[in-house]
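By convention in this document, chain letters (A, B, ...) are assigned in the order of the sequence lines, proteins followed by strands, and residues within each chain are numbered from 1.
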Amino acid sequence: MIRFDHVSKLHKGASRSALEDVCVDIERGEFVFLVGASGSGKSTFLRLLLREERPTAGTVWVAGKDLNKLTNWKVPALRRQIGCVFQDFRLLPNRTVAGNVAFALEVIGTPRDEIKEVVPNVLELVGLTGKEDSYPNEISGGEQQRVAIARAFVNRPSILIADEPTGNLDPETSIGIMKLLDRINKIGTTVVMATHDVAIVDQMRKRVIEIDTGHVVRDQSRGVYGMGA
Amino acid sequence: MRFSYLVKEVSTGLRRNLTLSLAVIITVAVSLSLFGSALLINAQVNKMKDYWFDRVEVSIFLCGSISDSPNCIDGAISEEEKGQIRSDLQGMTDIVDTVFYESKEQALLRFKEQFKNSPIADTASAEQMPESFRVKLIDPTKFAVIEGAFGLRPGIEQVVDQRQTLQKLFDALGGLQKLAQAIAGVMILVTILLISNTMRVAAYNRRRETGIMRLVGASNFTIQLPFLLEAAVAAAIGSAVAVGALVASKIFLIDQTLAKTFTFTTFIGWEAIYSVIPIMLGAGVGLAVLAAGTTLRKYLKV
């Protein structure tokens with residue numbers, strides 16, 4: 001599903017590479033934690049996946065496509081296959097819960113009838129039935145992240161990228177979010193989650209890829225956060 | 001849905017940036033008014049050229065009893081010389097179109113008509129007026145031939161090409177035309193810069209929405225369209241104001257003031273206005289969309 005083939009990325013003006021000679025293979029339906037300190041290269045990894053950046057060397061493959069060869073106007077089609085969730089939720093404050101989810105479909109030209117049908121379904125999946133007409137500032141952080149996940153997943157992407165999705169949430173709420181991501185993964189979605197949250201990684205026992213100063217230093221199935229723990 | 005979404009986006013965009021939208025509308029209105037005026041001044045000058053160059057004559061002034069030019073030391077022209085000049089002129093059929101003799105009395109009438117508002121008209125007498133032949137040439141540029149043939153003849157005070165006098169006038173008008181064009185050009189440049197800056201602000205204001213749109217895979221076209229339409233709507237309103245201003249100046253300035261005061265020349269008609277309107281609208285909206293598109297390409301990258 002995702003393949004990094006000797007990928008290096010040197011940002012303009014930076015003295016050292018954000019990623020160096022990274023080789024990673026992620027199968028369809030896998031759940032992968034991406035761990036490492038701030039500045040280790042996790043974000044660059046995710047940005048390369050979304051083709052927000054291009055590698056300086058090597059090839060990134062996503063869903064069978066060589067991103068180096070992808071023309072600009074085909075990038076939107078790639079991103080429709082990838083859902084994205086962030087630490088800061090990134091909801092639109094002037095739209096309701098349902099409105100935020102619907103927005104993702106409206107802007108890719110989904111017919112209104114389909115939106116009406118799909119949005120309640122996905123809100124049910126993330127456990128927000130009854131909150132459709134609330135605004136983001138009226139609901140809790142955990143609920144806001146559920147809205148964000150619903151928005152990322154409403155288009156049924158084959159890959160879900162989560163960049164520190166529990167970074168702003170308390171441990172209990174985080175567990176709820178992880179259960180939700182796990183459920184989405186079980187439906188068959190490939191999930192790549194960058195995180196600092198030791199407890200969550202240790203508890204989930206999923207594949208762990210650790211990046212340190214741009215190098216993959218560990219790739220372990222059913223891993224934990226710290227090396228050798 | 002797509003349409004209602006667009007209408008909503010564009011109207012909230014324009015309202016959110018009300019001051020900047022107004023600035024764009026006013027700048028577009030002013031610069032297009034100047035642009036349209038420059039085009040109309042062009043049309044007016046061309047019209048005047050057609051009108052006047054069609055009427056220019058070569059004047060052959062004849063010596064009278066009071067002429068003090070060195071060409072007239074022999075005194076007033078004789079009837080014989082006059083007849084000779086007339087028949088010579090009429091013989092030059094390849095370059096002379098018509099010949100008209102203007103007597104002192106006719107010259108006085110014309111003088112009085114031209115200066116009817118001035119006290120000088122009351123004191124003028126026929127004796128002070130020169131007799132002349134008014135010659136209309138088939139090709140108005142062939143003045144030198146006439147001057148060569150008659151310039152040094154006894155009894156002729158002076159051969160004058162009205163075209164040269166007119167040319168000076170049109171040279172001056174040409175300078176004004178260029179000035180108007182330059183001002184219009186500068187204003188259009190200002191408009192482009194303002195629109196480009198407005199789009200930058202608009203893109204910044206909506207970076208949250210556009211960021212999400214990018215992530216969920218909206219096409220560039222979908223992301224940029226509301227911005228482009230916003231620029232186009234503002235420019236269209238500005239262009240409409242400019243067109244209104246031009247129509248108003250045609251009615252109030254040209255038809256009701258200038259045309260009544262300066263009866264000796266013609267002014268541009270409505271057909272000139274009609275031909276300028278689509279150019280203005282097209283230029284206004286086209287420029288806005290082009291300026292906006294170029295800016296957005298930079299600020300709303302994939």
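- Other residues, nucleotides and ligands contribute over 12 non-hydrogen atoms within 6.0 Å of the CZ atom of B:Arg55.
- Other residues, nucleotides and ligands contribute over 12 non-hydrogen atoms within 6.0 Å of the CZ atom of B:Arg207.
- Scanning all heavy atoms of the two residues, the minimum distance from B:Arg214 to A:Arg79 falls at O-CD, 3.3 Å.
- Looking at A:Phe103 and B:Ile212, their side chains come closer than 4.5 Å, going by heavy atoms from C-beta outward.
- Looking at heavy atoms from C-beta onward, A:Leu92 lies in side-chain contact with B:Arg208 at the 4.5 angstrom threshold.
- No part of A:Pro157 comes within reach of chain B, as not one of its non-hydrogen atoms sits under 4.5 angstrom from that chain.
- Per-residue heavy-atom pair counts under 4.5 Å with chain B were compared for A:Leu50, A:Leu78, A:Leu91, and the maximum is reached by A:Leu91.
- The minimum heavy-atom distance linking A:Pro76 with B:Ser219 is given by the pair CG-CA, 3.9 Å.
- Contact annotation: the side chain of A:Arg151 never approaches that of B:Leu215 to less than 4.5 Å [non-hydrogen atoms, C-beta and beyond].
- Considering CD of A:Glu106 and CD of B:Glu9, their distance stands at 9.5 Å, rounded to 0.5 Å.
- Residues of residues 82-89 of chain A lying within less than 4.5 angstrom of chain B, judged on heavy atoms, are A:Ile82, A:Cys84, A:Phe86 in numerical order.
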